Chemist: 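Shown below is the structure under consideration.
Sequential numbering from 1 along the given sequence is applied to the chain's residues. Each ligand, and each atom within it, is numbered from 1 in the order the structure gives. Quick caveat, the model's predicted, so the values are computed rather than measured.
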Amino acid sequence: MANFIKKYLNLACYALIFSTVTSACQNQEQTQTENSDNTVKLTEQTNITQQEFGKMPDGRMAMLYTLRNAEGMEVKITNYGGTITHWTAPDKNGKYEDVVLGHDSLSGYLTASPYFGCIIGRYGNRIAKGKFTLEGQTYTLAVNNGENHLHGGLQGFDKVLWEATPIDGEEPALKLTYLSKDGEEGYPGNLQVEVTYRLQKDNALRIDYQATTDKTTVVNLTNHTYFNLLGHTEGDILGHELMLNASAFLPVDKTMIPTGEIRPVKGTVFDFTQSTPIGARINDTKDEQIKFGIGYDHSWVLNPPTEKDGLNLVGKVVEPNSGRILEIFTTEPAVQFYTGNFLNGSITGKRGVVYKQRYGFCLETQHYPDSPNKKNFPSTVLKPNETYQTSTLHRFSVN
Ligand code: BGC
C-alpha cells in the first residue's frame with residue numbers, strides 16, 4: 001500500500017512538472033509575436049514592445065524598449081547605457097511631443113552623446129583629480145574631464161550594455177542590471193546594480209536604483225535626460241519657468257569642483273525658490289559662478305523633506321506656451337541643474353535636429369559632487385551588507 005501511494009505521488013509530481021514546463025513554453029510563445037512595424041510584442045498586453053536598436057562595436061545587439069500607458073505617453077529606453085531616447089508628453093491641447101534630446105539609432109549614441117538620457121554611474125558628476133581615500137586606501141580613477149573624473153570615467157554606466165527584463169502590465173517597467181567589476185574605472189568592489197524604469201498611469205516615470213558591493217566603495221547614480229518641454233525640435237529652454245525646492249547651492253572652483261561651501265541662494269542668480277524663467281539671469285557675467293559654469297551647472301541642496309518617508313519635491317518646470325509641466329520628486333539630497341551649456345551645434349540628433357547651446361536642461365537628482373573628498377557632505381560610501389537604494393519620479397501634467 002505504502003509503495004502504491006509513493007508511486008502515485010511520483011506520477012503526480014511528474015505530471016505537475018510536465019504541465020508547468022509546457023505552460024511556460026506556451027507563455028513564451030504568446031510573449032513573442034511580431035507587429036507590423038517590426039517591433040516585438042512581449043505579451044498579450046501591448047504596453048511594452050521591443051525592437052533592435054543597433055549593433056555594439058563587439059557585435060552584441062542593443063535593444064530598444066517602448067513603454068506605453070493608457071494616457072498615450074510613450075517612453076523609449078535602450079539597454080545601451082539604460083538610455084531614455086524618446087519620451088512623449090501632452091501639451092494643453094492634448095498634443096503629444098517628444099520632449100527629450102537624443103539620437104534615432106545606436107550609432108548616434110556611440111559617436112556623439114553628451115550623456116543624453118543615460119544612467120550615470122558609478123559616480124554622478126565630478127571627483128576632484130580622480131582620487132579619493134577610503135578606509136586608509138587611496139584610489140585613482142580614470143580622469144576624463146580636464147584633471148577630474150566625470151560621470152564614472154571613460155566607460156561609465158552610460159556606455160555599457162545592461163541586461164534587460166521587460167515587465168508588462170498597466171504600468172509597464174524595464175528592469176536593467178549591470179555588474180561593474182572590481183577595479184572598473186578605478187573603483188573598488190564588484191558592484192551589482194539594478195535600475196528599474198516604471199511608466200505609471202498618471203504620466204509619471206519612476207526610476208528606482210539599487211546596488212550592492214563586496215568591498216567598501218562609493219556610489220552616486222542618476223539619470224542624465226535633457227528635457228525641452230516645447231519639444232526637442234523647438235529651440236532653447238530659456239523661457240521655461242523653474243522652481244527649485246532649494247535654499248542653498250554648492251559654489252564650484254574653475255574646474256567645476258565644489259569648494260565645500262554650502263551657500264544660501266538668497267540674493268543670488270541661483271535663487272529659484274520662486275518660479276523664474278531659466279533665461280532671466282543665465283547670462284549674468286558679473287556672477288563668478290555663472291562664469292565658471294558658462295550658465296547653470298551646479299548642485300542645489302534640497303530643503304529637507306516635510307514627510308519622513310517617501311519622495312521629496314525637487315522642483316517644478318512650467319513651459320508657458322505648451323502648458324507642459326514637469327515635477328520631480330526624489331529620495332536624494334541634491335539636484336544638479338545643468339542648462340546644456342556645452343551643446344554647441346556640433347551634434348545632430350533625432351529627426352536631423354541640430355542641438356545648440358541651451359536646447360535642453362537636465363535636473364539630475366543625486367548626492368553632492370566630490371563627496372568622497374568632502375567630510376561635510378552627506379556620505380556616498382557603500383559597504384558590503386548594505387543596499388544602496390534611491391528613487392526619483394518625473395511627473396508630467398498641463399496648465
Ligand atoms: C555636468 C556638466 C557636464 C555635463 C555633460 C553635467 O551633469 O554637470 O558639467 O558638462 O553633465 O553633459
Side-chain angles (χ1 to χ4, degrees), residues 81-85 100-103 108-130 141-159 207 209 219-228 232 236-237 242 244 246 249-259 270 278 282 288-301 314-315 328 330 332-347 349 355-371 374 377 380 392 394:
T83 303
I84 297 173
T85 62
V100 300
L101 276 55
H103 290 291
Y109 289 95
L110 292 175
T111 50
S113 179
Y115 303 96
F116 285 146
C118 58
I119 298 169
I120 299 282
R122 204 174 283 201
Y123 200 95
N125 214 276
R126 294 175 178 79
I127 295 181
K129 300 191 168 65
L141 305 173
V143 162
N144 60 330
N145 186 252
E147 59 187 21
N148 299 322
H149 174 89
L150 175 69
H151 294 335
L154 296 166
Q155 211 199 14
F157 293 0
D158 58 298
K159 295 184 186 67
I207 316 178
Y209 303 85
V219 195
N220 190 25
L221 307 178
T222 190
N223 175 278
H224 206 290
T225 294
Y226 288 68
F227 292 99
N228 186 326
H232 81 103
D236 70 57
I237 46 83
L242 170 71
L244 286 175
F249 78 106
L250 304 179
V252 291
D253 67 19
K254 60 178 189 316
T255 75
M256 300 302 289
I257 296 292
T259 58
F270 289 77
I278 292 175
I282 200 168
E288 188 183 48
Q289 288 300 314
I290 286 277
K291 270 201 261 171
F292 286 162
I294 321 177
Y296 295 111
D297 187 2
H298 295 76
S299 186
W300 269 252
V301 176
V314 174
I328 304 184
T330 193
E332 288 283 13
V335 65
Q336 183 81 15
F337 172 48
Y338 170 60
T339 40
N341 311 324
F342 298 110
L343 296 175
N344 59 8
S346 62
I347 297 177
Y355 295 135
K356 298 193 185 144
Q357 196 185 36
R358 308 204 170 121
Y359 272 31
F361 68 90
C362 305
L363 284 166
E364 305 154 61
T365 52
Q366 57 194 246
H367 272 56
Y368 308 177
D370 202 32
S371 301
K374 300 281 191 307
F377 287 180
T380 52
T392 294
H394 304 78

Chemist: Considering the options Tyr338, Phe292, Phe270, which one meets the ring pair (Phe, Tyr, Trp, His ring centres under 6.0 Å) requirement together with His298?
Modeler: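 By the ring pair (Phe, Tyr, Trp, His ring centres under 6.0 Å) criterion, His298 pairs with just one of Tyr338, Phe292, Phe270: Phe270.
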
Chemist: Of all heavy-atom pairs between Asp158 and His151, which one has the smallest distance, and what is that distance?
Modeler: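 Nearest pair, atom of Asp158 first, then His151: OD1-O, 4.2 Å.
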
Chemist: First locate atom OG1 of Thr85, then atom CG of Leu101, and finally report the distance between them rounded to the nearest 0.5 Å.
Modeler: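 Result: 12.0 Å between the selected atoms.
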
Chemist: Residues two or more places apart in sequence or in another chain: which of them pass ring pair (Phe, Tyr, Trp, His ring centres under 6.0 Å) with Tyr368?
Modeler: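 Applying ring pair (Phe, Tyr, Trp, His ring centres under 6.0 Å) to Tyr368 gives Phe377.
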
Chemist: To the nearest 0.5 Å, what is the distance between OG1 on Thr111 and NE2 on His103?
Modeler: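 Rounded to the nearest 0.5 Å, the OG1-NE2 separation comes to 6.0 Å.
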
Chemist: Present, as a list of atom pairs with distances to 0.1 Å, all nitrogen or oxygen contacts under 3.5 Å between ligand 1 and the protein.
Modeler:
{"residue": "ligand 1", "atom": "7 (O)", "partner": "His151", "partner atom": "NE2", "Å": "3.0"}
{"residue": "ligand 1", "atom": "7 (O)", "partner": "His224", "partner atom": "NE2", "Å": "3.0"}
{"residue": "ligand 1", "atom": "7 (O)", "partner": "Glu364", "partner atom": "OE1", "Å": "2.8"}
{"residue": "ligand 1", "atom": "7 (O)", "partner": "Glu364", "partner atom": "OE2", "Å": "2.9"}
{"residue": "ligand 1", "atom": "8 (O)", "partner": "Asn125", "partner atom": "ND2", "Å": "3.1"}
{"residue": "ligand 1", "atom": "8 (O)", "partner": "Asp297", "partner atom": "OD1", "Å": "2.5"}
{"residue": "ligand 1", "atom": "8 (O)", "partner": "Gln336", "partner atom": "NE2", "Å": "3.2"}
{"residue": "ligand 1", "atom": "9 (O)", "partner": "Arg126", "partner atom": "NH1", "Å": "3.2"}
{"residue": "ligand 1", "atom": "9 (O)", "partner": "Arg126", "partner atom": "NH2", "Å": "2.7"}
{"residue": "ligand 1", "atom": "9 (O)", "partner": "Asp297", "partner atom": "OD1", "Å": "3.4"}
{"residue": "ligand 1", "atom": "9 (O)", "partner": "Asp297", "partner atom": "OD2", "Å": "2.4"}
{"residue": "ligand 1", "atom": "11 (O)", "partner": "His151", "partner atom": "NE2", "Å": "3.0"}
{"residue": "ligand 1", "atom": "11 (O)", "partner": "His224", "partner atom": "NE2", "Å": "2.8"}
{"residue": "ligand 1", "atom": "12 (O)", "partner": "Pro114", "partner atom": "O", "Å": "3.1"}
{"residue": "ligand 1", "atom": "12 (O)", "partner": "Tyr226", "partner atom": "OH", "Å": "2.9"}

Chemist: Begin from the C-alpha positions of Tyr355 and Phe116 and carry the test ring-ring contact (aromatic ring centres under 6.0 Å, His included) through to its verdict.
Modeler: CA-CA 11 Å; Tyr355 295 135; Phe116 285 146; 5.5 Å; yes

